[in-house]
Every structure is written in structure tokens, then in C-alpha cells.
Amino acid sequence: MGIQAEVPWVLLLLLPWALYIWWMIKRTPRLNGTRKWAVIATRALITFLLIAIAAQLYPYRTVEQRNIVFLADRSASMKGQERVGQWIAEAWEKKSEDDYGAIVSTGLHAVVDRPLTKESLASNEQYTFRTSLNDSFTDLSKGLQLSSAMLREQGGGRIVLLSDGAENAGDARRQARLLQDAGISVDVVNLATKLEQDTAIDELLVPLTLKQGETFNFELTIQSTFTGEAELQLFEDNKQLSTSKVQLEKGENRFALQSVALESGFHRFRAEIFANGDGQTANNSAYAFSRVSGPPAVLIVEGVPDSSENIEAALTASVIAHQTIAPEQLSQELAEYAAYDSIILNNVSATRIAKKPMEWLSKAVGDYGVGLMMVGGEESFGLGGYFQTPIERALPVYMDLQGKKQIPSLGLVLVIDRSGSMSDGKLELAKEAAMRTVELLRDVDTVGVVAFDSAPWWVVEPTKLTKRDEVLKKIQSIQPQGGTEIYTALEAGYQGLLNLEAQRKHMILLTDGQSATNLSYDIITDAMNENMMTLSTVAVGEGSDVMLLESLAKAAKGRFYFTKDQSTLPAIFSRETVLMSRTYIVDGTITPSIGDGADWRSLWKDGAPNLQAYIATTPKEMAEVALWSPDGDPLLARWTYGSGRSIAWTSDLTGKWSPDWVKWGSFPKIFAEWVKWTFPEFDRSPYSIKAEVEGGDGKLIVESTGEDYATGNGAGLWAGLQNEDSLSPLKRLMPVAPGRYEAQLDVVKPGAYLAQIGMPNDANNATSINGGTTAGFVIPYSPEYRIGDEEGPELLKGLASSTNGRELGWEDAGKSYSFEPLKNRVPFDWTRELLVIVLLLWLLDIALRRLSLPWHRISTVITAPFSRLQRSQTGIAPPNIESTTALTRMKKRAEERNRFYGNDSSNEQRDKSQMGTPPSVATIPPSGKFKERDLLSTSSNVNNSADQRLSANDVQSKPEVQSSTPTDRTVSRLLAAKNKNNKL
């Protein structure tokens, strides 16, 4: 036994409580005697009780007991639940009479099967659970939370958890930390059971978007606990597609089954597996969906006529529509590129693609998700002049080698026409071409720039590119003016090359006009041939001297270019610069090695054929290289650029560089896979949708992929859900973030669902969606039925260790109550009783202060038995205290009146000196009335000692005293009481 205070600081009020008692003793003039002390005691007790109530001062008793809550995991993964009931019954039988026990069951939620009680179970052999719950999920945290709440009511205890630890909802570790803080330990009993035979489809994968007629694969992951044969069935929209016999191995099995997308629209797919002796059927199905759009379309741009036969045959074999055009036929309108799913550039030189189509090709990939593939050849990649072009930005490789190859040192002189005819933008493009050439060269290379009109002018003297920025600034300063004189400019360029020290020397002449003189150029070309120099010429527009420029290029063993589109000049210069180094083309017998791209590894599981040549490039940092050359150059690379994808194949597909590839039987299928990989992946629907299921609660999440949320049109979005059976009621989508909406799912039955998203027909009574868009999502079966959860034992060990619990086995049921009992303080809440006492004391206080009762007589009656007992023991007669008490009270009141009216002791002495010897009784005036002073004097004299009081005869000898006055009557009563006392 003892007393405890829940709010001990309130007890500090006892200090002012003591001061209050002292104040009442000193400052209560209206009350005196026993009545005063009774009032003070009553009020002191009332205030003390109120302080005790505020401090929650309770008596308590110490109780020793053991409390256990048996928490039984009754989810679907716990097979043979009779074992759990048997274990609990055996443990319950070992508890003592004073110990408490309870039983809680948990699955998706927790329920109390038996509250904390001392009573025994009905059966000591096996406990039969009386409650039902949802066993599709395991949420141990809710069971621990409910069990701990029951134990806290009894002052603490332990929880015995019987489970396999296969938690798939909630957070038991977090709940264990809370139990540790509360001092509640968790003992665990690992009762994990495994089915002897079980198969489960973990995953079914289908491309989210397909083209009509496209070949695709069903990719399945199947878990099995045994080795044997099973039957695998595939369904599309509840129509059976195929039935296959598969051989299962113990553990994980992967299968890929091929199919063709025949009909456009949304389609739901289902896979089911059947095996003899399968002990669990809830995990035998998996779901997927896909949207099939119209047939795909591929645009082939070929640099050499009729060189795309192998490409066309491969696409035709995969039912992929295609169109073949020349590069000059590329459209000037961006919208036409978006009509294709992929574009293939087959050995196309950049010099044949105008500026706008070049930009539109890059934009179609990055912004519209159109695929792009570049196929190698002598006119492709770096040899095609794609350095620093928009197409290079979209491809996964750089066109330059970036120091990887040993390229011979190059001496290059650019001879550029700056005459007045070049002022219509040609000169600006020529300068851009010259600057791009400078950027493509290395620091060890030498470059010189000659600008000419009527006379040549060295803009940049031949110099090495150690100060590249200065060279670029000088080129940018060229301005158009004057006429055209080619011979002197060509001779100046020759003289510049002649003095250079370089392994290769080359000159590029660009002009749009005709020379003012007609001199013999053979002298210059012959001298260039003697000194191992080459010359390439570029004729811009119809006004140029095509015959002269072509003959110069031929005589100096260079190349001649004619272009009407001045925007191709940068590509021409880049191509010429790259062609000066034949090391860009790597030839020989090249054996590819497999690199990245895990989804493509199956394409060359039996190896890849050899190549005879390819164009060297440098892979970009974020690119995936699927095939490498022995020299570390990419043969096949891919990456994602913006919204689209692109592929680089650095060899050709005509058979010149890749004869073994085009003859390979798997080539058409493999090439089709490359092309399909570039098809647009994103869904052009304005909404993307997915479902999240956790612990049996489903949530539908819709995200806007366009500007719907920005314009506010999504404020009234609804979703109509449909599974394979029927259409469920419409769901209101609530905005939770810009462009994001959510709705709760009432039913989370596994399956593939379609959702129609849009505005309802009636906002007040929504029954259908007007228009809208369709999307799909999948809800898999509960993780409770998955095979191969190995984290359960570790979870149980962690719960026990974090709460200082024990790990018990199947044979340890009798040890459940083997722990130190709890010594709990069980307080008694007497607040109600104390409040009743306070109320009664308050009423007593009012009675003591307000009611005019003979409190002295009441106290005398109450104490009389005790007084008689005391007198009988001592033999003393009881005194007559009634008159004495009355006289004392009368004397005290007289003194108070004297103090109030100022009649102090000095006045009394003066009266005594005038009267002589004080009479026994004051003389009453003839008028028969006392003056006030006389009355006070009389009252004072009455209170004197018995010797000085007037006798009854003295009063009778004075006839002038009128007994009818109040004072007379009072004095008479007092004297009569005196005489009576004397007689006694």
C-alpha cells in the first residue's frame, strides 16, 4: 500500500494552504469558541481535499502478475493454423491462477479473439479461433499495436508473436521501436510453413504500345517449388490465344511467347498456369494490357539508289510498312516527319540534306518521339560530313574520333570567294563552314585562310591551331566586296601549302562566280601533284564556273561539289576535312563483342557474324553500346534523345562491308527488333494512369501529360473503371498537385482495368463520361501468395532483439510464462468519493456559519458520554458551567461595546471615585431608565467576582428599581442563576 501523486507539483499549494489556516485563526472575529474552531477545521479539510484531487493523489496497492497477449498470424501464408491453436493451448495450460492471458488474431486487420483474463481455456489440447478476418495480407504492426494497448491497461507484460514473418503491409519494425519505449517485450515463434508444390506467375510483361501487325513477346516470370511439367495459357480479352506445355525448374523460370498484334485498340491480357498437385491457386494468374494503334510506318532515306533492298526485305518480313526516298526529297514541313514511327538514313551524305530537313529530323526525334537510325557506308557518319550537325546531336555517337586514332598531321588552306556576289548569305555560310572545319581539326594541324575578290588576302596565315579562338575571330571578320579572280588566289594558296610541314596537304576552293582572267591553271595543278597536294572545289549556284572548278578538282586529284543550297556548305567542308584521313574507315576481319543492352543479348545468344569494315566513331557518354569492335569502336550503339530513340550502325547493310550479316538467317528478325526499339514509347494520351495497392487499400493516380492542369480543365475530371466483368461506378478524381489527381479504389480485385477519363455527362448525377480518353492499369494478386519470401525469419529476429524478447520454438510453449512477474502499482481513483466529501463539508461549513443553533449544547451532548466516563474514573463532580459560561460571554460582549463607544478603564475609575465604594448594583435613576453609560457600568459590575455582586435582598430593598426594564430582567436572571449554583 502507498500513496502516489500523478501531478506532484500541485502539492506546492500546501504552503499557501497553511498560511490560509493561520489567517483564519487570527482574522475570524465573528466566531469564537468551539464554533470558530469547527469552521476553521472544516474549511482546512475542504481545501486540502481539493489540492489532493488536483494533484491526483491516489492510494495504490502493489500487485505481482504475468500478462501475455498471444498474437496469432492468421494470414493466408500461414498454413496449418491448428498448429497455432495447439501451441497457444499448451502455453495457456502452464500459466498460474494469478496470471493473465489474451489472444489476438491479425491479417489485414487485428481482432481480439479473447480479452485478458485469468480463466482457463475450454480445451487444453487446441484452441479454436472464434473470429474471422481478411487473410489476403499480413500486417503485423496492427496486431502489435492492439496487443500493446491491452497490456498497457494491465500495467505491461509480454507479447508472444506466432508468425512466419512474411509481412506485406504496415511496418512491424517501427511498431517494435514504440513497444521498446513502452517496456513491452515481444517473444517470437517462427511457424513458417511451405507448400510442397506451388507455382506462381510473378510477372507478365507486354509492350504498353503496339502497332497493328507488329510482332511482340509475352515475357513471363514463373516461380516454382518443384520440378515438373505445367500448362501455360494466354488470353486476350477473355479469348484464348494459346496453350503451351512448359517444363518448370525449381526456383525462377522465364519464358517468352511470341504473338502478333492484329486488332487496334486497348487489349487486356491474362496468363494462367496449371500444374498437378498445385497447393495454391490464388497466384496462378497474371495480367497486362496494351494499346494497339495503326500499322507502323518507316521512312528509308537512301544515299545510293536501290541500295536499301536488304532493309526493305527485313521490314516486309515483320509486316512493317515503309517508304524509300532520296535525301533531296525530304520534306520542308516538320509535320510530315511526325507521321512516321522511325526514319532510317542509309549511307546518306550530309551534303545532300538541306538545312531545314536536317533540323526537322533532329526535332522529330527529340520533341515528337520519332525513331532515327543511321546506317554506315562511305557517305555516312564522319565521312558524310555530319560533324556538329543537328543529326549528330540526335545520334548516340560523335563523328570525330576525339584523339582515339593516330590521324596523320594535316595542312589545310581554305580559299574563299568574298566578292560582292557572295553577300546574299553565301559568305556567312562559307565562314560557318570554315569555322566548323577549324573546330574539327586538331591542335597539331595547320590551317590557313585566303579570302579573294580581285586579289587574294591572307585572312589567317598558315598556323597551327594552338590559338583556335583567334583563328575563328579572324574568319568571322571577312566581309564581301570586289570582283572575282581565282588564279591569283589559287596560286597564293599553293605557295602557302608549299611551305608547310605536314603529312597531308589539302586545299579547298569555294566560289560562286567566274574568274576575271583565263590563265593556264595546269601550272598550279601540276605543281600540286608534284608536291603531294590535293585540291577540292565547291561551286555554289548556277552562276559559278562549273567546268573550271570540276577540271581543277580532277587535275589535282580532289573532289568537286556543286550545290544550289548554300546551307550544305558546312557539311561539305566537314566531309572534306574528314576525308583527308582514311583512318576513319577501319577494314579487315572484325569480330563483334557483346556490350550493353540487356534486352538485346538474346539476339546474339549464338554469337554475331563478322564484319569486313566500318566507320570509326566515338560513343557518347550516355549511349549504350550493344556491339564493340576489337579496337574499342562502337559497331552498334543506341540511346534516348529527348522523347525519342536513335541507333547508330557503323557498318553498311548492302553486303559490301557486312556480307555475313545480310546472309544471316536471323538478320531480318534482328534488324526489325532494332527498328521497333526506336518506335515511339510514350503514350500520346493526355493522361497517364496507375494504381497503387498497399495493405488492401487501393489508390488510383492520374497524371496529366499535357497542359490540361495548367488551363484548369481538370477541375471536374472523373474516371470510369472497367474490368473484364463489368463497369464500376464513376470515380471523382480529386486534384492533389498540379497535373496530378487521385481517387480511392473500393475493390482491389486482381486484374487488368481500363479507365475512361474525362468530363461526366451530369456533374450532379454522373453516370457516364462524355468523350474522354482511355488508359489502363493492372492490379496484381496479393503479395501474400508470392513464393520465395526469405525475409520473414530475419524480421522475427529483429522484433525480438529490438524489444529484449525471446525466440521460442515449437517445443517451448511451456516457457511462455517463465519470466519475472510485474510488480504493478494498482491505484484506486477516489476522486468521486473525495468530491462527495467536499460537498458534504461545504454544506457543514455553511451550517456552522449561518445557522443559529445551540452549538455549545450540541457539543456538550456529543461529548457528555466521554465526560461522564472520565468523572467516574476520577470521582470528581461535574461543575455547573452553564452560568459561568453565560457570565463570561456577557462580560466579553460588554468589553467589546466599551471599546466601540470609547468607555475605557479610565472612565470606569472616574466613576468609582465619585461614588466611593462601588455598590453591588448600580443605582437606577428615578426615571426608571438606564443611561447608556450606566447600562455599560452595570454590565461591567455584573461580571465582577462573586463577593462584589449584589444579593437578591439588596435589589429588593430599593423600590425605585423597576423590574419591568430589560436590564432588570437580565440582572435578575443572572443573580437567580448564581443563587441556584450556591445552593447546589
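Fair warning: this is a prediction, and the values are worked out from it, not measured in the lab. Note: hydrogens, waters and symmetry copies are ignored here, and every other heavy atom, side chains too, is used.
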Item to complete: Could you check Leu509 against Val538 for side-chain contact (heavy atoms from CB on, under 4.5 Å), going step by step and ending with a plain yes or no?
Response: CA-CA 6 Å; Leu509 170 63; Val538 182; over 6 Å; no
Fill in: Geometric class of the Tyr641/Trp639 ring pair [parallel <30°, tilted 30-60°, perpendicular >60°]
parallel
Item to complete: Output yes when Lys473 and Glu470 qualify as a salt bridge under the 4.0 Å nitrogen-oxygen rule, no when they do not.
Response: no
Discussion item. Looking at Lys355, I want to see if its NZ is surrounded by more than 12 non-hydrogen atoms of other residues, nucleotides or ligands under 6.0 Å.
Written reply: no
Discussion item. Taking the basic N atoms (NZ, or NE/NH1/NH2) and the acidic carboxylate oxygens, is any pair closer than 4.0 Å for Glu673 and Lys676?
Written reply: yes
Worksheet, complete the sentence: Taken in chain and number order and not counting sequence neighbours, the residues that satisfy salt bridge (charged side-chain N to carboxylate O under 4.0 Å, His left out) with Arg468 are Asp443
Worksheet item: Taking everything shown except Lys620 itself, do over 12 heavy atoms lie less than 6.0 Å from its NZ?
Response: yes
Discussion item. For Trp661 and Trp664, I'd like to know if the aromatic rings sit close, meaning centre-to-centre distance below 6.0 Å.
Written reply: yes
Discussion item. Between Glu378 and Lys656, does any side-chain N to carboxylate O distance fall below 4.0 Å?
Written reply: yes
Worksheet item: Is there a side-chain contact between Val449 and Ile416, using heavy atoms and a 4.5 Å cut-off?
Response: yes
Practice prompt. Return the set of residues passing salt bridge (charged side-chain N to carboxylate O under 4.0 Å, His left out) with Lys474 (not counting sequence neighbours), or none when no residue passes.
Written response: none
Item to complete: State, yes or no, whether a side-chain contact exists between Glu312 and Gln323 at a heavy-atom distance under 4.5 Å.
Response: no
Worksheet item: Do Glu550 and Lys554 sit within salt-bridge range, that is, some charged N less than 4.0 Å from a carboxylate O?
Response: no
Worksheet item: Checking Arg638 against Trp649: charged group under 6.0 Å from the ring centre and within 45 degrees of the axis?
Response: no
Item to complete: For atom CG of Asp306, decide whether the heavy atoms of other residues, nucleotides or ligands shown that lie under 6.0 angstrom number more than 12.
Response: no
Item to complete: Please report the C-alpha distance between Val397 and Thr618 in whole Å, then the side-chain angles of each, then the deciding distance to 0.1 Å, and finally whether the side-chain contact (heavy atoms from CB on, under 4.5 Å) criterion is met.
Response: CA-CA 5 Å; Val397 294; Thr618 301; over 6 Å; no
Practice prompt. For residues Leu414 and Val450, determine if any side-chain heavy atom of one lies less than 4.5 Å from a side-chain heavy atom of the other.
Written response: no
Worksheet, complete the sentence: Residues passing the salt bridge (charged side-chain N to carboxylate O under 4.0 Å, His left out) test with Arg418, sequence neighbours excluded, are Asp453
Item to complete: Verify the neighbour count for atom CD of Glu309: are there more than 12 heavy atoms of other residues, nucleotides or ligands below 6.0 Å?
Response: no
Worksheet entry | Non-hydrogen side-chain atoms of Arg645 and Val365 separated by less than 4.5 Å | no
Item to complete: For Ser380 and Val375, indicate whether the former's side chain and the latter's backbone hold a donor-acceptor pair under 3.5 Å.
Response: yes
Discussion item. Assess whether a salt bridge exists between Lys464 and Asp445, defined as any Lys/Arg side-chain N lying under 4.0 Å from an Asp/Glu carboxylate O.
Written reply: no
Fill in: Between Thr324 and Glu302, a side-chain donor and acceptor under 3.5 Å
no
Practice prompt. Applying side-chain contact (heavy atoms from CB on, under 4.5 Å), run through Val471 and Thr463 and close with a yes or a no.
Written response: CA-CA 9 Å; Val471 174; Thr463 181; 4.3 Å; yes
